Amino acid sequence: MADNGSRVALVTGANKGIGREIARQLAQAGVQVILGARDAARAREAVADLAIEGLHTSAVLIDLDSEASITEAATTIAEGHGRLDILVNNAGIFDPADAPPSQASLSAVRRVIETNFIGTLAVTQAMLPLLRAAPAGRIVNVSSALGSLTLNGDPGSPYYAAQYIGYNASKAALNMLTVQLHEELRDTSIVVNSVSPGFVKTDLTGYGTMTPEEGARLPVRFALGGDESGRFFEPGGNETPW
Ligand code: NAP
């Protein structure tokens, strides 16, 4: 995609689920969207699906578990656009062998934290020079209410029963990335926030009360604007306790 001067966004995990909807809504808003996907065929299919709707996007291969793919993706974006206005860290996994602390499979916990936290940190580090090259960079970390330390310890919370040590810790760590990055970038024009998309029916959950289209709305809102930074929001725009 030749750069046309409008904002450039990378959405990781954009071949399906909430990520694909974020890509669609950003493209509808006139943003040049780069769909991050770890599989070339799935990436092509998603770009083709959006093209049927008249939305022209491109794709880059990016696997959160492969530092080489992340570095290569940053090089590709640098060569094609020279900057990145919006980074939506959406890609993530859940592992069915995850469970409360006494029962969780250690390999599942390791895998989930490796992808959801270390992988997202690696993407963010690789893309930061490109975000710094944009006039007003926006980083949206797609977190979860399950990453809230406060809600995990609140028997009155609707999320209290979902005690998955790997997944929930991965999102709590992602929230720490939001806070620390916000502090580190205080003197720049880049803002960074965590957003919880809601309980969305996707392949990750198998069920949920919201559609991916609805789940994409908050991440898109923070991708497109607002000067708030270093905060954690839930659908409806209220703040989620850390
Ligand atoms: P999904 O439909 O399973 O989509 C996940 C996306 O992440 C897919 O594109 C997947 O690619 C990609 N992905 C997984 N591992 C990857 C890796 N190593 N490298 C690159 N991409 C990878 O799940 P979703 O529900 O849309 O989830 C999107 C985000 O929202 C996740 O971060 C999730 O934790 C968060 N979230 C979801 C809910 C919910 O209710 N659904 C609630 C709170 C937060 P493949 O197709 O190749 O697997």
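Just the heavy atoms: all of them, side chains too, but no hydrogens, waters or symmetry mates, feed the values below. Atoms within each ligand, like the ligands themselves, are counted from 1 in listed order. Predicted model only: the values in this text are computed from it and were never measured.
Arg7 is listed as a side-chain neighbour of Leu224, based on a closest heavy-atom distance under 4.5 Å. Contact of the Asn193 side chain with the Phe232 side chain is not registered, since no non-hydrogen atoms from C-beta on lie closer than 4.5 Å. The shortest side-chain heavy-atom distance between Pro241 and Ser148 falls under the 4.5 Å cut-off.
Using 4.0 Å as the threshold, Gly198 has a heavy atom nearer than that to some atom of ligand 1. Contact analysis puts Lys171 in contact with ligand 1, with a non-hydrogen atom separation below 4.0 angstrom. Heavy-atom distances between Ile62 and ligand 1 reach below 4.0 Å in at least one pair. Within the structure, ligand 1 lacks Phe94 among the residues with a heavy atom less than 4.0 angstrom away. In this structure, Gly119 falls outside the shell of residues with a heavy atom less than 4.0 angstrom from ligand 1. Contact analysis puts Ser143 in contact with ligand 1, with a non-hydrogen atom separation below 4.0 angstrom. For the pair Ile93 and ligand 1, a heavy-atom separation below 4.0 Å is found.
Checked by atom type, the side-chain pair Ser194/Thr178 shows a donor-acceptor distance below 3.5 Å. Looking only at atom types and distance, the side chain of Asn152 has a donor-acceptor partner in the side chain of Asn168 under 3.5 Å away. For the 3.5 Å distance criterion, the side chains of Ser196 and Glu234 fail to qualify, holding no donor opposite an acceptor.
Looking at atom 25 (O) of ligand 1, its nearest protein heavy atom turns out to be Thr202 OG1, 2.6 Å. If you check which protein heavy atom lies closest to atom 48 (O) of ligand 1, you get Arg38 NH2, 2.7 Å. The protein heavy-atom contact nearest to atom 21 (N) of ligand 1 is Ala91 CB, 3.5 Å. With hydrogens left out, the protein atom closest to atom 5 (C) of ligand 1 is Gly92 O, 3.7 Å, a heavy atom. Scanning the protein heavy atoms around atom 6 (C) of ligand 1, the nearest turns out to be Gly13 O, 3.7 Å. For atom 1 (P) of ligand 1, the closest non-hydrogen atom of the protein is Lys16 CE, 3.9 Å.
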Go through it in stages, so that I can follow the logic: the residues are Asp49 and Arg20, the test is salt bridge (charged side-chain N to carboxylate O under 4.0 Å, His left out), and I'd like the CA-CA distance, side-chain angles, deciding distance and then a yes or no. CA-CA 10 Å; Asp49 278 356; Arg20 187 159 66 176; 3.2 Å; yes
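For ligand 1, the polar-atom distance check finds no N/O of Gly19 at less than 3.5 Å from any of the ligand's N/O atoms. Not a single N or O atom of Ser144, backbone or side chain, sits closer than 3.5 Å to an N or O atom of ligand 1. Checked by distance only, ligand 1 and Asn15 come closer than 3.5 Å through their nitrogen or oxygen atoms. Every N/O-N/O distance between Asp39 and ligand 1 stays at or above 3.5 Å.
The Leu64 neighbourhood of ligand 1 comprises atoms 17 (C), 18 (N), 19 (N), 20 (C), with distances under 4.0 Å to a heavy atom of that residue. Residue Thr205 has at least one heavy-atom neighbour below 4.0 Å for each of these atoms of ligand 1: 39 (C), 40 (O), 41 (N). Using a 4.0 Å cut-off to heavy atoms of Asp63, the atoms of ligand 1 that qualify are 17 (C), 18 (N), 19 (N), 20 (C). Interface of Asp203 with ligand 1, defined as ligand atoms under 4.0 Å from a residue heavy atom, comprises 2 (O).
Using a 4.0 Å cut-off between charged side-chain N and carboxylate O, Glu45 and Arg42 make no salt bridge. For the pair Arg138 and Asp227, the salt-bridge criterion is met [side-chain N within less than 4.0 Å of a carboxylate O]. Using a 4.0 Å cut-off between a side-chain N of Lys or Arg and a carboxylate O of Asp or Glu, Asp65 and Arg111 do not qualify as a salt bridge.
Using a 4.0 Å cut-off between heavy atoms, Thr115 contacts ligand 1 through its side chain alone, with no backbone atom that close.
The main-chain N or O of Val195 is never found under 3.5 Å from a side-chain atom of Asn141 such that the two would form a donor-acceptor pair. In this structure, Asp95 contributes its side chain and Val112 its backbone to no donor-acceptor pair below 3.5 Å. When atom types are taken as modelled, the side chain of Asp98 and the backbone of Gly166 share a donor-acceptor pair closer than 3.5 angstrom. Remark: the backbone N or O of Gly13 is paired with a side-chain donor or acceptor of Asn90 at under 3.5 angstrom.
Ranked by closest heavy atom to atom 45 (P) of ligand 1, the top entry among Glu114, Arg42, Met210, Glu21 is Arg42. Between Val11, Ile18, Leu174, it is Ile18 that holds the heavy atom closest to atom 26 (O) of ligand 1. Looking at Tyr159, Tyr207, Tyr167, Phe199 and measuring to atom 33 (C) of ligand 1, the nearest heavy atom belongs to Tyr167. Heavy-atom proximity to atom 41 (N) of ligand 1, evaluated over Val195, Val200, Leu204, Val88, is greatest for Val200. Looking at Asn89, Asn90, Ile70, Val142, it is Asn90 that brings a heavy atom closest to atom 31 (C) of ligand 1.
For Met176, the CE atom counts as loosely surrounded, since its 6.0 Å shell holds 12 or fewer non-hydrogen atoms of other residues, nucleotides or ligands.
Between Phe222 and Phe233, the two ring planes are parallel [angle under 30°; tilted spans 30° to 60°].
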